[in-house]
Amino acid sequence: MTPPEPAAGAPLTPPEAATRHDFIRQIVRDDLAAGRHASIRTRFPPEPNGYLHIGHAKAICLDFGIAREFGGVCNLRFDDTNPAREDPEFVRAIQDDVRWLGFEWAELRHASDYFEVYVLAAEKLIRQGDAFVCDLTAEQVREYRGSLTEPGRNSPFRGRSVEENLDLFARMRAGEFADGARTLRAKIDMASGNINLRDPALYRIKHMPHPIAGAGWCVYPMYDFAHSLGDAIEGITHSLCTLEFEDHRPLYDWCVDRVDLAGSPELLAPLLARGLPNEAAKPRQIEFSRLNINYTVMSKRKLVALVGEGLVEGWDDPRMPTLQGLRRRGYTPSALRLFVDRVGISKQNSTIDFSVLEGALREDLDARAPRRMAVVDPLKLVLANLPQGHAETLAFSNHPKDESFGTREVPFSRELWIEREDFAEVPPKGWKRLVPGGEVRLRGAGIARVDEVVKDEAGNIVELRGWLDPDSRPGMDGANRKVKGTIHWVSAAHAVEAEVRLYDRLFSEADPDDEGEGRSYRDHLNPDSKRTVRGYVEPAAAAAAPETAFQFERLGYFVADRRDHRADAPVFNRSVSLRDTWAAKA
Ligand code: ATP
Ligand code: MG
C-alpha cells in the first residue's frame, strides 16, 4: 500500500513545514504582527458549475494552507448565485477533491445562505442613495457604459427617488417583471476610469428556482456584490483570488464599505435566526497570478467540451487536468501540494512547464511507491536448463532506498515473460540487453543467456530459449559476476494478466489554446495520449487495492485504476514515465 497521507489538519511534516515566503504570506505575517486580526480567516469560493482542476489546486493550497500555517480557519463557500449552471454532482465532487488534497473546511457555506442579507444590504444601499433600479435593456446598458477611452453616460433612471427604488426592487423580487426587464445598479461614477465602477449591476431578474434557497427567488445578486459581502459576513480577513479580479477590487471595497455590515448588525439578523454564526469584518482582497500549464487546457468551457464531445472518457479520464482525472492518473495529494509549492505565489503571469508537474509526481512516488515487476510487451524466455515445472520464490526488497518498505516474495520459474524490446537479434550500437548468445542479468534471479530464437512462419519472434547460469543465483559466488545489462521479468506461470493503460499528455502542442490559422485545441490533441496493452504483473501487484501506486521497475510509476482494477483482473494506469521523454522533443 502507498503510505497514508497525513490526516487533514495534522501537523505539517517536511517538506511542507518549510516556511513558505511569498508576498501574500508576508502580508498575513505583517497583519498578525501589527495586531490587525485576532486570527486569520480565508475561504475557497468555487462556482459549482464544473469539476475542479489543477489551477484550483493552487487556490486551495493557498487558501487552506495559509489558514493552517497561521493557525486560522478556511471556509468552503459555494458561489451558487447562478442557479442555471449548478449541479449537485459538482458540489459533491468539489468537497471530495478538497478533502482528498488534504484540507478540511471550518464551515461549509453557500452564497445562497446569505440571500436575505444581500437583499437587506441592497435596500440599505437604496436608502443611502447608493443604488437604483434601472429599466435600460442589456444592450442600452452597454451603450451607456462608454469605453476605455470614452466616459459613460448616466442612466435616465438614475435620479429615481428612494421610495420608487424601494418599491421597484420589492416588485422585482415579487416576480412582477420579466427576466432582463430591470436591474438594480450601484450608483457610483459613470465617468470612472475603471469600467467596473460605472454603475455596475448588483441584481438581475432571473425567473428560475434556486436549488438550495428554493422557488421563492427570481432576483439573483451579481458576483462582485455577493462575493464581497459573503467575505464580510464570514469575517474573512484575506480574500485571495486570481489577478483578473484586480480591477474589481475598487468595487469589492465599495460594496464592503457602503454596506458596512460590521456597523449594521441588524442586517445579519436573518443569519442569526438560522443559527449561522458570523463575524462581520472588513476583508481585504489580494490577487495572485493564475496557474497555467503548457500542453493543457484549463478553461471550464473547454473541459466541458472535451467530455461532451467524447474526446476523453469523462471528467475523471486520467488525461484530464481535473483533480478527479489527476487522481485517477495516479497523482497523489502530496505530489500536487509539492507542485504548487514549487510554482509559488506571485503576481507575475506565467506558464509552467508540464514537466514540473510530472517531476513533482516522480519525486513524490520515488519516495512513496513500492517497487514491483511487470511486463507490458511480453516475450517468452524459457530457461531450458531448469527442470520442467521448476518454481521457487525469491525475496525482493520493496524499496531500494527505504528498508521500512520491507520485502516480498516473487515467484520465479523456468518460463518467464520479459519485455520484447529487451531483446535484439541485431543490436544497435551500445546495446546492453539481450542478444543471441549474449548474457544479461535477470533482476534478482541470476544471469541468463539466449541460445535459440524461435520464430513463427511469418518470421516473428515468438519465444527465446536460453540458459540460466546456476552459479549466478542469489547468494552464490557467481552472482556478482559482471554482465552488461539488467532486465526485469515475471514468472509466466505465476504472473497475472493485466490491462495496462499507457497514458501520455493529452495535447501534443505546448499551447493548445492557440487558435491561430483557424485551429482549435481539438486539432492539438495528442493521438498517442492513450495506448492500452495486455501485459503481466507479478502477483504482489495484482493483489493491490485500487489506487495503490507502484514503480514498475524500468517502466515508470503506475497506479491500480480507481474504478476498474480487480485482483483477478488487474488494471494499471501509467501515471508518469521514469524519465522526461518530452524534453528531447521540445
Ligand atoms: P469560471 O471560468 O467559471 O470563472 P473559475 O476557474 O474562475 O471558473 P471558480 O469556481 O470561480 O472557477 O474558481 C474558484 C477559485 O479558484 C477562485 O478563487 C479562482 O480565482 C481560483 N482559480 C480558478 N482557476 C485558477 C487557476 N488556474 N489558478 C489559480 N486559481 C484559480
Ligand atoms: Mg470564477
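What you are looking at is a predicted structure, and each value in this text was computed from that prediction instead of being measured. Whatever order the structure lists them in is the order used to number ligands and atoms, beginning at 1.
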_Salt bridge present between Arg249 and Glu287 (N-O < 4.0 angstrom)_ =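 Result for this pair is yes, salt bridge flagged.
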*Rounded to the nearest 0.5 Å, what separation is found between the CG atom of Asp224 and the CG atom of Asp253?*
11.0 Å
*Give yes if a backbone or side-chain nitrogen or oxygen of Gly55 is under 3.5 Å from a nitrogen or oxygen of ligand 1, and no if not.*
yes
*Under 3.5 Å between some N or O of ligand 1 and some N or O of Leu291?*
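Yes; the residue has a nitrogen or oxygen that sits under 3.5 Å from a nitrogen or oxygen of the ligand.
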Using a 4.0 Å heavy-atom cut-off, say whether [X] meets ligand 1 through its side chain, its backbone, both or neither.
X      : value
Arg301 : neither
Asn49  : side chain
Arg290 : both

Going by the atom numbers of ligand 1, which of them fall below 4.0 Å from some non-hydrogen atom of [X]?
X      : result
Ala59  : 16 (O), 21 (C), 30 (N)
Thr242 : 19 (C), 20 (O), 29 (C), 30 (N), 31 (C)
Lys300 : 1 (P), 3 (O), 5 (P), 8 (O), 9 (P), 10 (O), 12 (O)

_Ring-plane angle category for Tyr118 and Phe225, please: parallel below 30°, perpendicular beyond 60°, tilted otherwise._
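Answer is tilted, since the angle falls between 30° and 60°.
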_Could you check, using the six-membered ring where one of them is a Trp, whether Tyr521 and His524 have ring centers closer than 6.0 angstrom?_
no
*Closest to atom 11 (O) of ligand 1 (judged by heavy-atom distance), picking from His227, Met298, Glu47*: Glu47
_Candidate with minimal heavy-atom separation from atom 13 (O) of ligand 1, of Glu287, His56, Arg77, Arg43_ = His56
*Side chains of Gln324 and Arg327, donor plus acceptor under 3.5 Å*: no
*Is the NZ or CZ atom of Arg505 positioned over Tyr295's six-membered ring, under 6.0 angstrom from the centre and within 45° of the axis?*
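Geometry flag: set, cation within 6.0 Å and 45°.
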*Arg579 CZ: over 12 foreign heavy atoms closer than 6.0 Å*: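 Counting other residues, nucleotides and ligands, CZ of Arg579 stays at 12 neighbours or fewer.
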